[in-house]
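Below, chains carry the letters A, B, ... as their sequence lines are ordered, and counting in each starts from 1. These numbers were taken from a predicted model, which means no experiment stands behind them.
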There are 2 protein chains.
Amino acid sequence: MSTKNKILDAAELLFADKGFNGTSLREITGLASVNLAAVNYHFGSKKELIKAVMSRYMDELSPRLESALLQLCERDDKPTLHEVFSAFIEPLLYLNQYRENGTSTFLQLLGRGYTDSQGFLRWFLTTQYPNVFANFTEAVHKAYPELSAEEMFWRLHFTMGTIVFTMSSSDALIDIAANDFSREVDISGVIEKVIPYVAAGVAAPISNK
Amino acid sequence: MSTKNKILDAAELLFADKGFNGTSLREITGLASVNLAAVNYHFGSKKELIKAVMSRYMDELSPRLESALLQLCERDDKPTLHEVFSAFIEPLLYLNQYRENGTSTFLQLLGRGYTDSQGFLRWFLTTQYPNVFANFTEAVHKAYPELSAEEMFWRLHFTMGTIVFTMSSSDALIDIAANDFSREVDISGVIEKVIPYVAAGVAAPISNK
DNA sequence: CGGTATTTTAAACAGGTGTTTAAACTGACT
DNA sequence: AGTCAGTTTAAACACCTGTTTAAAATACCG
């Protein structure tokens with residue numbers, strides 16, 4: 001395996017576990033069994049390494065996600081919100097096939113990126129992958145046309161928060177559930193539980209305050 | 001003002017903005033116009049300072065929150081989920097009175113603490129303030145008795161995620177909303193928007209998978 | 001006032017950070 | 001075999017981290 005990929009693999013594992021700020025280049029290169037200077041040689045800087053880690057996942061995820069959402073938009077009948085959110089399942093779970101524990105690792109990274117580094121990742125995703133957001137809002141609009149653009153903006157960010165935050169601590173939650181309810185749940189189980197929740201949240205009646 | 005309080009004020013501001021890992025003691029003591037060693041003298045360590053910052057808010061919040069939830073539980077009729085979540089409004093907004101921008105600062109801190117430092121804050125809150133959680137789950141159970149303990153566990157954590165994550169980036173979201181919809185929203189406006197969302201999420205029908 | 005705690009201060013500590021340098025090595029092509 | 005680009009390496013760079021020290025300043029109280 002190439003040095004570049006060894007670094008990416010080690011970096012994504014540590015980033016997901018300890019955050020971007022909390023992970024040093026020496027930890028990464030140590031786990032990857034690679035010289036410290038290799039990061040700056042191959043990626044230029046730590047910040048570029050972070051982008052590369054996220055891009056590797058996004059480039060795998062976004063085409064599948066886009067086509068799933070587009071397919072929903074082009075249907076004749078009106079989709080339900082549950083269907084819209086379910087469109088995420090297959091693309092997300094495919095990451096498990098593409099990389100071991102890919103799904104939860106990616107979602108953890110997403111959670112890290114949203115709180116670490118003062119929103120730099122939010123900027124990166126919305127500017128580099130704008131189609132995903134556009135297709136998603138279009139699908140939601142088709143399922144729930146009465147929702148105003150402003151109300152949708154808020155509810156989609158609430159949803160983003162729910163997903164990302166839940167998944168960024170999914171390991172801990174899965175452990176607690178195993179102890180308290182002696183119920184084994186994996187990442188796809190968590191996804192199945194969260195979808196009715198966010199679908200109902202987005203579908204909530206509009207308050208006439 | 002005492003050195004101790006000057007440190008706490010500067011620390012909470014920087015912690016909320018840049019996270020616990022992302023804020024150095026030198027930044028804190030610099031902003032507080034206080035000697036660097038004062039932190040270790042008054043608090044012992046950075047970790048203890050973090051606890052002190054959170055405790056100052058929790059000690060103000062938890063009694064009000066507990067009584068609001070308890071009042072709901074002792075009512076004869078069955079409360080709605082909307083009422084349960086609305087019980088948070090007054091105690092949270094009171095933090096604004098107690099400290100400038102107290103509500104959003106506290107919620108941002110909560111968001112930081114959940115993702116920074118590998119869940120240490122989750123442990124701190126659940127062990128130091130267990131009554132808040134107990135009263136909350138009791139209130140939700142009264143409003144929605146059909147919800148099993150396991151399903152409630154998941155949905156409450158989803159809710160926690162929604163709230164905490166939304167609020168930890170509320171400043172950015174409020175800015176975007178102001179630009180895109182020329183609508184001025186403040187922190188209480190965000191709370192009003194998020195409550196129907198989480199209430200509907202928790203109230204979602206139980207999937208019979 | 002004098003003496004005892006408490007608090008503040010500058011300085012140093014030991015160790016970690018991302019990044020750069022220049023030399024050494026590698027593998028392919030003429 | 002010799003050249004040369006691409007890659008790897010150890011070492012050093014300048015700076016930042018939380019914490020500790022011991023001396024100086026301040027506050028308190030009999």
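- When the nearest nucleotides of DNA chain C are assigned to V34(B) and E27(A) by heavy-atom distance, the more 5′-ward of the two goes with V34(B).
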List the atom pairs, donor and acceptor, that lie under 3.5 Å between side-chain atoms in residues 4-13 of chain A and the rest of the protein, sequence neighbours left out.
residue, atom, partner, partner atom, Å
N5(A), ND2, S2(A), OG, 3.3
D9(A), OD1, R56(A), NH1, 3.1
D9(A), OD1, R56(A), NH2, 2.9
D9(A), OD1, R99(A), NH1, 2.9
E12(A), OE1, R56(A), NH2, 3.0
E12(A), OE1, Y57(A), OH, 3.4
E12(A), OE2, Y57(A), OH, 2.9

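- Here dT8(D) presents its P atom at 11 Å from CZ of F43(A), a figure rounded to the nearest Å.
- Atom-to-atom, CG of N21(B) to C1' of dG16(C) comes out at 14 Å; the value is rounded to the nearest Å.
- Remark: E90(A) engages no residue in a side-chain hydrogen bond (donor to acceptor under 3.5 Å, both in side chains) (not counting sequence neighbours).
- Stem regions for DNA chain D, each three or more consecutive Watson-Crick or G-U pairs with both distances under 3.5 Å and listed by first number, read C:1-6 with D:25-30, C:8-13 with D:18-23, C:15-23 with D:8-16, C:25-30 with D:1-6.
- The list of side-chain hydrogen bond (donor to acceptor under 3.5 Å, both in side chains) pairs with a residue in residues 156-165 of chain B, not counting sequence neighbours, reads T162(A)-T162(B), Y197(A)-T159(B).
- By the side-chain hydrogen bond (donor to acceptor under 3.5 Å, both in side chains) test, D59(A) pairs with Y129(A), sequence neighbours left out.
- Residues satisfying the side-chain hydrogen bond (donor to acceptor under 3.5 Å, both in side chains) test with Y94(A), not counting sequence neighbours, are R64(A).
- One can place NE2 of H42(A) at 9 Å from C1' of dG6(D), the figure rounded to the nearest angstrom.
- The side-chain hydrogen bond (donor to acceptor under 3.5 Å, both in side chains) test applied to S188(B) returns D186(B), not counting sequence neighbours.
- A donor-acceptor distance shorter than 3.5 angstrom exists from the side chain of R112(A) to the backbone of A16(A), with no hydrogens or angles considered.
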Result block: side-chain N/O donor-acceptor pairs under 3.5 angstrom for residues 26-38 of chain A, not counting sequence neighbours:
residue, atom, partner, partner atom, Å
E27(A), OE1, S24(A), N, 3.0
E27(A), OE1, S24(A), OG, 3.4
E27(A), OE2, K18(A), NZ, 2.6
T29(A), OG1, L25(A), O, 2.9
T29(A), OG1, R26(A), O, 3.3
N35(A), OD1, A37(A), N, 2.9

Restricting both atoms to N or O, compile the protein contacts to nucleotides 19-21 of chain C shorter than 3.5 Å, with distance only.
residue, atom, partner, partner atom, Å
dT19(C), OP2, N40(A), OD1, 3.2
dT19(C), OP2, K46(A), N, 3.0

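- Residue pairs meeting the side-chain hydrogen bond (donor to acceptor under 3.5 Å, both in side chains) criterion with at least one partner in residues 132-144 of chain A, sequence neighbours excluded, are absent.
- Checked against ring-ring contact (aromatic ring centres under 6.0 Å, His included), F181(A) has the following partners two or more places apart in sequence or in another chain: F153(B).
- To the nearest 0.5 Å, atom CG of residue L61(A) and atom CZ of residue F88(A) are 8.5 Å apart.
- Spacing between atom CD1 of I28(B) and atom C1' of dT17(D) amounts to 12 Å, rounded to whole angstrom units.
- Of the residues in residues 1-11 of chain B, not one places a heavy atom less than 4.0 Å from an atom of DNA chain D.
- Along DNA chain D, the nucleotide nearest A38(A) and the nucleotide nearest S24(B) are compared for position; the residue whose nucleotide lies closer to the 5' end is A38(A).
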